[in-house]
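All residue numbers refer to positions in the sequence shown, counting from 1. The model shown is predicted, which means the values in this text are computed figures rather than measured ones.
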Amino acid sequence: LALMKAIGSEQMIVTRGKDGMSIFDKKSNERVPTFARDVFDVTGAGDTVIAAIALAWSSGVSLKESALLANHAAGVVVAKIGCATCDLNELKSSIDIVK
């Protein structure tokens, strides 16, 4: 909470690698799980998370749902070798597996 106050933010996400993410606001904090099944290369996973959160959140999706979507995208990316991408079909498949 002190960091949020210092930077003037009402919400904050902390990434925790294989342990997912934590979302903080003034009243609570919540853990968001990862969805990676196979991890071959983490190159680009953080960039994928940032891009997916930014796209979802700027489209009006809640911060928690944006983080969940981002972790699905990162789970797809780390299952590939090298700096990889996650396309829409791969993202949908990842989400469908968890449902």
Side-chain angles (χ1 to χ4, degrees):
L1 292 175
L3 178 58
M4 288 172 42
K5 186 175 181 179
I7 63 175
S9 178
E10 294 186 14
Q11 296 176 308
M12 181 172 59
I13 293 178
V14 174
T15 59
R16 299 179 178 275
K18 66 179 177 61
D19 295 323
M21 298 179 196
S22 293
I23 300 174
F24 298 89
D25 64 27
K26 292 179 181 179
K27 299 177 185 174
S28 65
N29 67 68
E30 189 169 3
R31 286 261 171 133
V32 178
T34 60
F35 298 104
R37 285 166 289 291
D38 296 314
V39 178
F40 295 107
D41 191 340
V42 298
T43 303
D47 294 329
T48 299
V49 165
I50 292 168
I53 287 175
L55 176 63
W57 198 34
S58 67
S59 296
V61 177
S62 73
L63 192 55
K64 180 182 178 182
E65 289 173 335
S66 297
L68 287 165
L69 184 76
N71 275 351
H72 276 286
V76 169
V77 167
V78 299
K80 300 176 183 181
I81 295 174
C83 190
T85 60
C86 173
D87 69 32
L88 184 57
N89 289 329
E90 291 170 317
L91 185 58
K92 286 179 181 179
S93 293
S94 176
I95 293 168
D96 288 343
I97 289 170
V98 175
K99 283 185 179 179

*L3 atom CG, over 12 foreign heavy atoms within 6.0 Å*: yes
*What is the distance from atom OG1 of T48 to atom CG of L91, rounded to the nearest 0.5 Å?*
10.5 Å
*Rounded to the nearest 0.5 Å, how far does CG of L68 lie from CE of M21?*
8.5 Å
_Check whether N71 reaches the backbone of P33 with its side chain - one donor and one acceptor, N or O, closer than 3.5 Å._
yes
Closest non-hydrogen atom pair, [X] against [Y]:
| X | Y | result |
| --- | --- | --- |
| S59 | L55 | OG-O, 2.7 Å |
| A74 | A45 | CB-O, 4.2 Å |
| A84 | K80 | CB-CD, 3.5 Å |
| G82 | D41 | N-OD2, 2.8 Å |
| T34 | G17 | CG2-O, 3.5 Å |
| A52 | A70 | CB-CA, 3.6 Å |

_Co-members of V42 in a cluster of I, L, V, M, F, W and Y side chains, linked at under 4.5 Å_ = V39, V78
Side-chain donor-acceptor pairs of residues 4-14 under 3.5 Å, sequence neighbours excluded:
{"residue": "S9", "atom": "OG", "partner": "Q11", "partner atom": "N", "Å": "3.3"}
{"residue": "S9", "atom": "OG", "partner": "Q11", "partner atom": "O", "Å": "2.4"}

*asked:* Filter on ring pair (Phe, Tyr, Trp, His ring centres under 6.0 Å), then keep only pairs touching residues 21-80, sequence neighbours left out; what's left?
replied: F35-H72
*Any link between V76 and I53 through a network of hydrophobic side chains (Ile, Leu, Val, Met, Phe, Trp, Tyr) touching at under 4.5 Å?*
no
*Kindly indicate, with the supporting measurements, whether the criterion side chain to side chain contact (heavy atoms under 4.5 Å, CB included) is fulfilled by R37 and S94.*
CA-CA 10 Å; R37 285 166 289 291; S94 176; 3.8 Å; yes
